[in-house]
Number of protein chains: 2
Amino acid sequence: MPAKKNNYRFEEILDKHQLKKTDARLRVLSMLASKNFATSQPDLEEVMVDVDRGTLYRILNAFEEKGIIHKVFDLNGTANYALCNSDCEENHHHDEHLHFNCVQCNNVYCLNDLDLPDLNLPEGFKSLNFSLSVTGICPKCGKKSK
Amino acid sequence: MPAKKNNYRFEEILDKHQLKKTDARLRVLSMLASKNFATSQPDLEEVMVDVDRGTLYRILNAFEEKGIIHKVFDLNGTANYALCNSDCEENHHHDEHLHFNCVQCNNVYCLNDLDLPDLNLPEGFKSLNFSLSVTGICPKCGKKSK
DNA sequence: TTTAATATGCAACAATGTAGCATTTACTTT
DNA sequence: AAAGTAAATGCTACATTGTTGCATATTAAA
Ligand SMILES: [Mn+2]
Ligand SMILES: [Mn+2]
Ligand SMILES: [Zn+2]
Ligand SMILES: [Zn+2]
């Protein structure tokens, strides 16, 4: 199953970063874009069975370096991937948003539009970046259990 | 090299949780207590070469379940372990403190005594727990690079 | 259509983590 | 102190995750 057409947006992204437009890459992009939560590495691998595992890792690593996607580890230490917002650059991410990890479905949601409070660290610690992850019950699972 | 004597404190911990006082367990406890930052699984494994890897994992998992230690994943997704504060219980941790992950030495510091700001999540998300991890330069590495 | 740079597939490997089962050890009971 | 029992360990085998070298195939430019 080749990547569906009508993916100008994803082709542009690849173009911009001087990555060749291959089927596997377009499929990764459209898969990540299709959900409002991050996609785990095992899920990606399951869907992309026809692509070599090593190649999939190379795609993910390349995308991450270019600032196209970011990786977040869930509760279990499993890697999850999500598209970055527009302001991420090569080797300089700006993904300082909250990650919500549902303990039931295990999904990781990127809550981009949330105001985050300032932190004051102890003397000597210099903050470069931070990641805030909250575990709990997501809206979908909250409804289900009623 | 057997665990050094004079470890009443660690023996008490094992007693309290009905875990037998074995050399390997006492060594894990004293190793974690000896540093002001978490210990990575690879580091533990390196020091405890004479103990079977499977056994080491069982020790760590048992300690975690009992609320003696907690696990935190660093930037690279590597597991790091640190002693819990006294108020953690079996299967009910209270480790809501900030983790500072130095990008240079890679150490993970548990900043227990830090006041953390409240979060207000979007509609529908119910928070059970959270973990805040900041990456940056730790005091030790900050001094070195001057 | 030829070419050159890149991406992929394949195979081999390292690291991390789990589980079954035989043996040993720590602690309790006599 | 000796015997008995539950728990812990060592060993082996295995699954999953991730990386790398190299030959082949593909993309995009000339
Ligand atoms: Mn995110
Ligand atoms: Mn901690
Ligand atoms: Zn959920
Ligand atoms: Zn440091």
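We name chains A, B, ... by the order of the sequence lines, and we start the count at 1 in each one.
Under 4.0 angstrom from either OP1 or OP2 of C:dA7 there lies no side-chain N or O belonging to A:T55. Between B:T22 and the phosphate of C:dT25, there is no side-chain N or O to OP1/OP2 separation shorter than 4.0 Å.
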After noting the C-alpha distance and the side-chain angles of B:F125 and A:Y109, does the key distance pass the ring-ring contact (aromatic ring centres under 6.0 Å, His included) rule?
-> CA-CA 10 Å; B:F125 290 92; A:Y109 298 84; 5.5 Å; yes

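Of the residues near DNA chain C, A:G54 and B:N61, the one whose nearest nucleotide (by heavy atom distance) lies more toward the 5' end is A:G54. Comparing B:K20 and B:R58 against DNA chain D, the residue whose closest nucleotide sits nearer the 5' end is B:K20.
A:D50 places its CG atom 12 Å from the C1' atom of C:dG9, with the value rounded to the nearest Å. Taking atom CG of A:D15 as the reference point, atom P of C:dA7 lies 12 Å away to the nearest angstrom. Nucleotide C:dA26 holds its C1' atom 12 Å from the CG atom of B:L19, rounded to whole Å. If you take CD1 of B:I59 and C1' of C:dT25, they are 13 Å apart, rounded to a whole angstrom. Distance B:Q41 CD to C:dG17 C1': 8 Å, rounded to the nearest Å. Distance, B:L14 CG to C:dA26 C1': 12 Å, rounded to whole Å. Distance, B:D52 CG to C:dG17 C1': 12 Å, rounded to whole Å. Residue B:E11 contributes atom CD, which lies 12 Å from atom P of C:dA26 at whole-angstrom precision.
A donor-acceptor contact closer than 3.5 angstrom links the side chains of B:N85 and B:N112. Using a 3.5 Å distance cut-off with no hydrogens or angles, the side chains of A:N106 and A:D74 do pair a donor with an acceptor. Side chain to side chain, B:Y57 and B:Q41 meet the donor-acceptor criterion of an N or O pair below 3.5 Å.
In terms of hydrophobic clustering, with Ile, Leu, Val, Met, Phe, Trp and Tyr side chains grouped at heavy-atom distances under 4.5 Å, B:F37 and B:I137 are assigned to different clusters. One hydrophobic cluster, built from ILVMFWY side chains closer than 4.5 Å, holds both B:L44 and B:V51.
In this structure, the side chain of A:R25 engages the main chain of A:K20 through a donor-acceptor pair within 3.5 Å.
Across all strands, B:R53 comes closer than 4.0 Å to base atoms (heavy-atom distances). Nucleic acid contact for A:E45: none, since no nucleic acid atom lies under 4.0 Å from a heavy atom of the residue.
For DNA chain D, the span of nucleotides reached by chain A at under 4.0 Å from its heavy atoms goes, 5' to 3', from D:dT17 to D:dA28.
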